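Proteins get letters first, then strands, A, B, ... in listed order; numbering begins at 1 in each. In what follows, every heavy atom counts, from backbone to side chain, and hydrogens, waters and symmetry copies are set aside. Remember, it's a predicted structure, so these values are computed and weren't measured experimentally.
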Protein chains: 2
Amino acid sequence: MGHRAFKDRLYSEFATIAKALANPHRLELLDLLAQGARSVEDLAREADLTLANASAHLQVLRRARLVEREKRGLNVVYRLADPAVFTLWRTLRDVGTARLAEIDRLVATYISERQSLEAIDRDELQRRLVAGSVQVIDVRPALEYRQGHIAGARSIPVTELARRLAELPRDREIVAYCRGPYCVYADEAVSLLRRHGFRARRLRDGFPEWRAAGYPVEVSGETPARGRHRPTPRT
Amino acid sequence: MGHRAFKDRLYSEFATIAKALANPHRLELLDLLAQGARSVEDLAREADLTLANASAHLQVLRRARLVEREKRGLNVVYRLADPAVFTLWRTLRDVGTARLAEIDRLVATYISERQSLEAIDRDELQRRLVAGSVQVIDVRPALEYRQGHIAGARSIPVTELARRLAELPRDREIVAYCRGPYCVYADEAVSLLRRHGFRARRLRDGFPEWRAAGYPVEVSGETPARGRHRPTPRT
DNA sequence: ATCATGATCAATAGATATTTTGATTAGTGT
DNA sequence: ACACTAATCAAAATATCTATTGATCATGAT
């Protein structure tokens, strides 16, 4: 093997990883998988893909060794192969945020309130959690909460928030968080809470970033795979 | 704009960056640009591409805002748009190294000696540089050395090493470095030096990683653009 | 002015990716 | 055994990417 052939093969290997990331649907799937393991059916529903298409994209990720899968009954559950895969997606996201003006424009257009509402960052939230001066709510779907959430957070999916306002304190600030910096659930939650007179802010980013930074996390032992049935009791 | 349209556009933006990385030649170009700014001609020669093809690939990187360019006389000089771009490439490379067994296999096949020769890492090298117990040589092309090198290193391009052995000490260990962990120049240099009875090792990674980690760097003021002519005296 | 050079552009052919459709496989429950 | 479901596979249509060719443009040298 010549010097050139070696280089070509080496860079081609690295490019297979980049190719796996080079599709918007696959990035969305990775973002979902960063919340926890999920079935193909579930991923397809969340990402608005047909089952066959979601399956095909997941296989591309799998061939690049970015995700792994495991059969559980009728379902196949996919998970990130390594925490480094989340780091990679996050680094890509950060470069996009820093370099592409279009991203700021999109966020400003779709979440017009975001500029006016200051977000809280991880270390301030952790200090206030310890001090007990804040109520943290996880507004992601309950399945994601069960697979891992900020220690001390309550699960109130954004879809249920309007009818569960009575559960929330009026004497303490409420902090809502969701999947990540571009997830809108927390923005919607904060907006709703403020309209009802609560003091509320969002966490600047989401649960995967909190966990990656090593802050305390809790898990409610439940298995992720299920279609319309109840989760199977254990592995 | 609906929720789905927002997500689609957002992930598509992030995917443009991944798409720019999703080609082996473009990764090689980024790796070269991590050494310093260079002309299209120079990049094409180093990466074994036609001028038109190199130009096309550089424009893909430019549209993704990963590189910037500047006209200098007849040449167009490209540079990384941001140190974060190197971080991204490096994170991608690290995930590849960790996840793809094929990469290990390739390196073991092409650089069979690498396993047997232990590399030195950055902080040990820095300590020994300060102590003066080591001679560091930069075996990259002289142009790359001039644009930035490890403080205290001498430039001896690997192509000139065989006829410049007399310049090197026999009483101290020699550490050779080049472009990065997969660059073979340092391996070739170490191999040659050992055959001639020198004590020699390679730095585990290369100059861009050294600089990114904040270790001391020196620059010899010279402009990067030139074809077959002498460099223009100043900017 | 004229020419040579570095870079880009435009057009094209060939190779890869993506999505959909319908068929098939593996596992569950009756 | 039978029906049902989740997932994958195979094939095909479409879209996108890549490399090459030759033309064009800007710049610097003569």
Does a side-chain N-to-carboxylate-O contact under 4.0 Å join E28(B) and R4(A)? yes

Can you list, by residue number, the residues of residues 52-65 of chain B that have a non-hydrogen atom closer than 4.0 angstrom to DNA chain D? A52(B), N53(B), H57(B)

Any carboxylate oxygen within less than 4.0 angstrom of a Lys/Arg side-chain nitrogen, looking at R99(B) and E68(A)? yes

Mind calculating the distance between CZ (R69(B)) and P (dA26(D)) to the nearest angstrom? 13 Å

Rounded to whole Å, please give me the gap between NZ in K71(A) and P in dA26(C). 8 Å

K19(A) vs V40(A), nearer the 5' end of DNA chain D by closest nucleotide: V40(A)

From CZ (R63(B)) to NZ (K19(B)), nearest 0.5 Å: 12.0 Å

In residues 22-29 of chain B, what residues come within less than 4.0 Å of DNA chain C, judged by heavy atoms? none

Scan side-chain atoms only and decide if D31(A) and Y11(B) contain a donor-acceptor pair under the 3.5 Å cut-off. yes

Ion pair D187(A)/R202(A), N-O distance below 4.0 Å: yes

From CZ of R72(A) across to P of dT28(C) the rounded distance in Å is 13 Å

Distance in angstrom units between R38(B) CZ and dA7(C) C1', rounded: 17 Å

Without swapping roles, check the side chain of Q35(A) against the backbone of R179(A) for a donor-acceptor pair under 3.5 Å. yes

